There are 4 protein chains.
Amino acid sequence: MQFNEHKSIYLQIADYMYDQILSGQWPDGQRIPSIRDLAVQMEVNPNTVTRTYTMLQDEGTLQNKRGIGYFTADEARKMVLGKRRADFINYELPAIFNTMRQLGVTPEDLHELFRKQSKE
Amino acid sequence: MQFNEHKSIYLQIADYMYDQILSGQWPDGQRIPSIRDLAVQMEVNPNTVTRTYTMLQDEGTLQNKRGIGYFTADEARKMVLGKRRADFINYELPAIFNTMRQLGVTPEDLHELFRKQSKE
Amino acid sequence: MQFNEHKSIYLQIADYMYDQILSGQWPDGQRIPSIRDLAVQMEVNPNTVTRTYTMLQDEGTLQNKRGIGYFTADEARKMVLGKRRADFINYELPAIFNTMRQLGVTPEDLHELFRKQSKE
Amino acid sequence: MQFNEHKSIYLQIADYMYDQILSGQWPDGQRIPSIRDLAVQMEVNPNTVTRTYTMLQDEGTLQNKRGIGYFTADEARKMVLGKRRADFINYELPAIFNTMRQLGVTPEDLHELFRKQSKE
DNA sequence: GTGGTCTAGACCACC
DNA sequence: GTGGTCTAGACCACA
């Protein structure tokens with residue numbers, strides 16, 4: 001996996017996991033890859049994956065069954081969706097709108113760009 | 001100035017400076033506050049401001065006349081606008097659109113939110 | 001390490017690093033000493049080494065893996081060689097030739113001096 | 001006049017003056033431009049020119065007649081030639097040769113480049 | 001352990 | 001006055 005320079009790796013792994021859950025590749029209540037396996041796949045230190053799993057467990061997105069492995073929570077998809085939506089609307093969007101105003105990008109421009117990108 | 005927790009101060013100062021240039025408060029080719037002055041105004045260590053100024057000089061946004069001070073580049077506004085616009089469209093927007101699709105936020109929703117926010 | 005009076009330390013450290021790369025002591029893609037280690041070895045403050053490393057990273061000579069350390073770039077030697085050669089030929093040589101003409105030093109004189117110096 | 005970034009202005013002015021003397025444009029014992037005039041011509045603070053004149057006076061290249069102006073010394077050309085030659089051979093050349101060895105530039109290459117440049 | 005950032009304070013060259 | 005550099009020391013996030 002390719003990592004961004006300016007965001008910590010464990011957060012980028014979290015993003016990846018949110019993706020998996022939202023896209024349905026990791027259905028609710030299912031077992032997910034072990035820390036070791038994901039670390040190998042991502043070419044990353046297992047400690048780093050551990051940190052991500054622990055964080056997601058703390059916020060309730062993951063469950064840990066001792067000696068067996070990690071599982072998505074029973075309502076994982078719904079939780080992630082709600083949490084990310086709130087984050088997006090409350091924190092990211094205001095910053096985005098601010099940037100748009102500074103750069104003179106209108107919502108219409110955005111609409112246009114969105115359509116263009118969707119075609120690709 | 002109030003600083004955000006999760007972004008380094010010197011980068012937030014850079015954002016402030018981009019604002020000043022884009023909004024026309026610091027016209028092209030004009031002298032800008034000395035490192036010491038801005039440090040006092042921002043309630044920050046001069047070294048921190050130095051770091052910002054040096055970075056903006058390296059990227060061509062600022063010019064430096066020895067013993068006199070820092071100046072905005074001759075085409076500072078145009079450069080900043082172009083650079084930030086390209087960054088926004090090429091790097092930030094794809095990520096935003098991706099998030100929107102995952103969360104089921106449509107461009108229409110966005111438009112609505114934009115209008116709502118503009119009224120505040 | 002002994003430092004020259006008239007050139008800043010962090011630039012002299014950069015010169016040292018170019019040497020290491022050009023001479024093959026630091027092969028491409030290899031880990032180099034940590035900031036703290038080099039600082040101890042050079043009897044210099046770690047911040048000073050940080051400045052050098054950051055500069056070389058910005059210009060692409062070094063790469064950084066978070067929490068692990070700094071590495072020479074994959075084509076570090078080639079890059080450094082090309083860059084320094086171009087600088088030498090385009091910027092330093094014209095000035096040198098200019099001085100030689102003013103002082104009446106001919107290329108033959110130079111050749112002679114070179115041979116003499118090589119023997120020492 | 002265009003100034004180099006990494007060398008102080010007063011030293012670059014000194015270089016300019018050495019040029020004038022060596023090339024014979026400022027013959028021995030002749031009056032040279034006043035500080036004020038040279039400062040205007042160079043678009044520089046008069047203090048900066050003062051510093052250069054003082055330095056050259058201290059080393060004997062210039063003479064100052066109070067209320068009249070600055071003059072080149074009686075043997076200015078000869079002095080400058082000797083001093084710069086010694087500097088060149090003792091300080092600059094060793095560094096140049098060192099760089100050449102690192103970059104694999106041979107004296108023959110140099111000879112070739114010199115001839116090429118002389119034709120332009 | 002690694003690097004990244006920030007502060008406080010100092011000294012210097014330069015304009 | 002200006003910026004440039006360096007030190008000492010601290011705290012933090014990260015692997």
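Just so you know, these numbers come straight off a predicted model, no measurement behind them. So you know, we letter chains A, B, ... as the sequences are listed, proteins then strands, and number each from 1.
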C:Phe3, CZ: over 12 other non-hydrogen atoms inside 6.0 angstrom: yes

What's A:Asn47 touching, base or sugar-phosphate or nothing? Going by heavy atoms closer than 4.0 Å. nothing

Under 4.0 Å between any heavy atoms, over every strand shown, what does C:Arg36 touch: base, sugar-phosphate, or nothing? Just pick one. base

Rounded interatomic separation in angstrom, taking CZ from D:Phe3 and C1' from E:dC15: 12 Å

Let me have DNA chain F in dot-bracket notation, would you? Count Watson-Crick plus G-U wobble pairs, both distances under 3.5 Å, and use [ ] for pairs crossing earlier ones and | for inter-strand partners. ||||||||||||||.

Within the structure shown, what part of the strands sits under 4.0 Å from A:Tyr10 by heavy-atom distance: base, sugar-phosphate, or nothing? sugar-phosphate

Determine yes or no for a side-chain-to-main-chain donor-acceptor pair under 3.5 angstrom, with B:Thr52 supplying the side chain and B:Tyr10 the backbone. yes

Bounded by its outermost nucleotides with an atom under 4.0 Å from a heavy atom of chain C, the footprint on DNA chain F reads F:dT5 to F:dA15

Without swapping roles, check the side chain of C:Thr72 against the backbone of C:Gly29 for a donor-acceptor pair under 3.5 Å. yes

Can you work out whether D:Lys7 or B:Ile9 has the more 5'-proximal nearest nucleotide on DNA chain E? B:Ile9

When all nucleic acid strands are considered with a 4.0 Å heavy-atom cut-off, which category describes C:Asn64: base, sugar-phosphate, or nothing? sugar-phosphate

Within the structure shown, what part of the strands sits under 4.0 Å from D:Val44 by heavy-atom distance: base, sugar-phosphate, or nothing? nothing

A:Arg36 CZ: over 12 foreign heavy atoms closer than 6.0 Å: no

For B:Ile68, does its backbone N or O pair with a side-chain atom of B:Arg31 as donor and acceptor, under 3.5 Å? yes

For the pair D:Arg85 (side chain) and C:Leu103 (backbone), establish whether a donor and an acceptor sit closer than 3.5 Å, ignoring hydrogens and angles. yes

Map C:Tyr70 and B:Pro46 onto DNA chain E by nearest heavy atom, then report which one ends up closer to the 5' terminus. C:Tyr70

Most 5' of B:Ser34 and C:Asn45 on DNA chain F, judged by nearest nucleotide: B:Ser34

I want to check one thing: is the phosphate of E:dC14, taken as OP1 and OP2, less than 4.0 Å away from some side-chain N or O of D:Ser8? yes

Just by modelled atom types, is the D:Leu22 backbone N or O under 3.5 Å from a matching donor or acceptor in the D:Arg77 side chain? yes

Please compare B:Ile35 and A:Thr48 by the position of their nearest nucleotide in DNA chain F and report the one closer to 5'. B:Ile35

Would you say that more than 12 heavy atoms from the other residues, nucleotides or ligands in this model lie under 6.0 Å from the NZ of C:Lys65, or not? no

Looking at D:Ser34 and D:Asp37, would you say the former's side chain and the latter's main chain have a donor-acceptor pair under 3.5 Å? yes

